[in-house]
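Structure record follows, encoded as structure tokens.
Computation of the quantities below employed the complete heavy-atom set of this structure, encompassing side-chain atoms and omitting hydrogens, waters and symmetry-equivalent molecules.
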Amino acid sequence: MAASGSKSCLQYLFHLAHDHLDFRLPEIKSLLALRLKPFHPCGDFKEQSPFWCLDCLSEEDVCTVMARSVCAKSAFELWGHGQTHSELRTSLLNYPPEKMSPYMQKGSSYRINVYTFNKTLLFEDRIKKIDALDYLPFEGTVSLKNPQHIFCLLEDYGTDPNNIPEHPNYIYFGRWIADGQRELIRSYSVKNRHFIGNTSMDAGLSFIMANHAKAKDNDLVFDPFVGTGSLLVACSHFGAYVCGTDIDYNTIHGKGRSSRKNQKWRGPDENIRANLRQYGKEDMYVDVMVSDASKPVWRKAALFDAIVTDPPYGIRESTRRTGSHKDIIKSPDGLYSESHVPVSQPYHLSDIFTDLLSFAAHHLVLGGRLVYWLPVHRPEYCEEMVPLHPCLLLISNCEQTLSSHTSRRLITMEKIKEPEELDSLAHLSDPRFIPYQGHNAFREKYFSGLNKRSAKDDTKSDVSGK
């Protein structure tokens, strides 16, 4: 994994946050795909490591990824690395001087930071490590407050907090390029949001979903279970126009009981539009409306660049759709009165996901992405339970553990063909592309179990989801 000598083959070190580990790789891959760049790791790639070394990228590529990623902390142009400080020294001295010199000239200013993962060093020890880098030909002056160039010595002490080695497992040195967008998790925190509900998605996961969906400038993003619009807020931050539907009239119109502590009723301006206005994104708001996801109101066309949603699981929010097993008496003219309230009936999870995938296949543009949460009973889960559709390619499947026996999985799919093409494609004999007929017997048993569990009183459930 030696540093390359050509400008086009520079290596870059990504420092990842050590949370939501399952979500990091799909997010970085999705953001690189926006630049039409592959994910190309160097050497012995370990997905669970906080440090990833990538090549085949430009500095502009790296900056673009960092401008969106909430899973990455920082990125560096990698100058040297090794298992010991002696190996690091050899690696740095072999790095091409012409690539170092622009950042070490007289008249420039610089600072060297020391970062350790899984170990805290005393200030004196940090200074000693910086002093040990005196073999590097820095000719500029040190500026701790406002340097022109920042360098970082990064030491990896493994991931086990109960078994921290005396010496680092690996050491890196590089020039700082950019920081990720971890600050968005705080600045968009649901705690400070104008309009929230019982199941409002937290900011970090909302931005991860927007990145998995590759939401970007001038896209149109749709959420069929919009709730309080947390996912719309995240997608609008990246320049997408947003819209959504929900069957709950009170949520769409910001009426009814408040989800806030010590507040009984929602205020007059608590709605999804107000949330986008709070973050200066009201101009990206198309609209939301009351609608039943099982009965789409959209014309038959590819309308959306992405569908990003968190369907209700029947735990903290009920799974309902309009309809009744009983005969409904209509007025003679066939119209309902203005005060008519539609009768609702249970909307089983198996039907929710069947309808969602079918809707995505018909209303996503080619290359558009569907990103949604799938509730899971862990002891019974296997990959074959993830719903499939012949028009949608499974991109990633990431788990968020909720308890010892429950979790939810973030599913990302990409539309690869139009539904009308299915009958004309010869390769549909491949069992992976059998037209979707619903869940097989094993899936039906699984979803049947979830439907029964979702009927229990939500105070007895330990699932923190919809």
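Annotation: side-chain hydrogen bond (donor to acceptor under 3.5 Å, both in side chains) contacts of Trp176 (sequence neighbours excluded): Asp179. In terms of the side-chain contact (heavy atoms from CB on, under 4.5 Å) criterion, residue partners of Arg277 (sequence neighbours excluded) are, by chain and number, Asp269, Arg273, Ala274, Glu282. Scanning for salt bridge (charged side-chain N to carboxylate O under 4.0 Å, His left out) contacts around Arg24 gives an empty result, with sequence neighbours left out. Partners of Arg175 under the side-chain hydrogen bond (donor to acceptor under 3.5 Å, both in side chains) rule, at least two apart in sequence or in another chain, are Glu59, Glu77, Tyr103. For Glu155, the side-chain hydrogen bond (donor to acceptor under 3.5 Å, both in side chains) partners are His85, Lys129, Tyr157, not counting sequence neighbours. Not counting sequence neighbours, Tyr241 has no partner by the ring pair (Phe, Tyr, Trp, His ring centres under 6.0 Å) test.
Under the 3.5 Å distance criterion, the side-chain polar atoms of Ser91 are matched with a main-chain donor or acceptor of His81. Of the possible polar contacts, one joining the Asn94 side chain to the Thr90 backbone as a donor-acceptor pair under 3.5 Å is found.
Two residues are said to be in side-chain contact when any heavy atoms from C-beta on lie closer than 4.5 Å; Ile252 and Val226 meet this criterion. Contact of the His212 side chain with the Leu410 side chain is registered, since non-hydrogen atoms from C-beta on lie closer than 4.5 Å. With contacts defined as side-chain heavy-atom distances shorter than 4.5 Å, the pair Leu153/Ile130 does not qualify. Annotation: side chain of Phe173 is in contact with side chain of Leu88 (closest heavy-atom distance under 4.5 Å). Contact of the Thr245 side chain with the Val288 side chain is not registered, since no non-hydrogen atoms from C-beta on lie closer than 4.5 Å. In this structure the side chain of Leu394 reaches within 4.5 angstrom of the side chain of Ile411, judged on heavy atoms. Counting only heavy atoms from C-beta outward, the side chains of His149 and Ser108 approach each other to under 4.5 Å. Counting only heavy atoms from C-beta outward, the side chains of Leu136 and Asp134 never approach each other to under 4.5 Å.
Note that CG of Asn397 and CZ of Arg409 are 4.0 Å apart. Values are rounded to the nearest 0.5 Å. The distance from the CG atom of Leu31 to the SG atom of Cys71 is 9.0 Å, given to the nearest 0.5 Å. The line from CG of Asp156 to CD of Gln83 is 11.0 Å long, rounded to the nearest 0.5 Å. Taking CE of Met209 as the start and CE of Met201 as the end, the distance is 5.0 Å to the nearest 0.5 Å.
Using modelled atom types, one finds no donor on one side chain facing an acceptor on the other under 3.5 Å when comparing Asp55 with Gln11. Gln400 and Ser407 share no donor-acceptor pair across their side chains, judged by distance under 3.5 Å alone. Side chain to side chain, Ser403 and Arg378 fail the donor-acceptor criterion of an N or O pair below 3.5 Å. Side-chain contact, Thr141 with Ser109: no donor N or O sits under 3.5 Å from an acceptor N or O. A donor-acceptor contact closer than 3.5 angstrom links the side chains of Thr309 and Asp223. A side-chain donor-acceptor contact under 3.5 Å links Arg193 and Ser230. In this structure, a donor-acceptor pair under 3.5 Å is absent between the side chains of Ser143 and Asn146.
Ring centroids of Phe76 and Tyr12 are separated by 6.0 Å or more, keeping the two rings apart. Aromatic rings of Phe51 and Phe14 (six-membered ring for Trp) have centroids beyond the 6.0 Å cut-off, not under it. Under the 6.0 Å cut-off for aromatic ring centres, Phe117 and His18 qualify, their centroids lying closer than that.
Summarising the local packing, CD of Glu183 is surrounded by more than 12 heavy atoms from other residues, nucleotides or ligands at distances under 6.0 Å. More than 12 heavy atoms of other shown residues, nucleotides or ligands fall within 6.0 angstrom of atom NZ in Lys119.
Ring planes of Tyr188 and Tyr279: parallel class, angle under 30° (limits at 30 and 60°). Using a 30° and 60° split on the angle between ring planes, Tyr110 and Phe138 fall in the parallel class, below 30°. Classified by interplanar angle (parallel below 30°, tilted 30° to 60°, perpendicular above 60°), the ring pair Phe45/Phe39 is perpendicular. Ring-plane geometry between His15 and Tyr115 is classed as tilted, the angle between the planes lying from 30 to 60 degrees on a 0 to 90 degree scale.
A salt bridge links Glu60 with Arg35: the closest approach of a Lys/Arg side-chain nitrogen to an acidic carboxylate oxygen falls below 4.0 angstrom. Lys128 and Asp131 are not joined by a salt bridge, as no carboxylate oxygen comes within less than 4.0 angstrom of a charged side-chain nitrogen.
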Ring pair (Phe, Tyr, Trp, His ring centres under 6.0 Å) between Phe222 and Phe359: does it pass, once the steps are laid out? CA-CA 11 Å; Phe222 175 64; Phe359 181 87; 5.6 Å; yes

Could you check Trp79 against Tyr172 for ring pair (Phe, Tyr, Trp, His ring centres under 6.0 Å), going step by step and ending with a plain yes or no? CA-CA 8 Å; Trp79 283 13; Tyr172 306 90; over 10 Å; no

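In this structure, Arg89 is positioned above the aromatic face of Tyr135, its NZ or CZ under 6.0 Å from the six-membered ring centre and within 45° of the axis.
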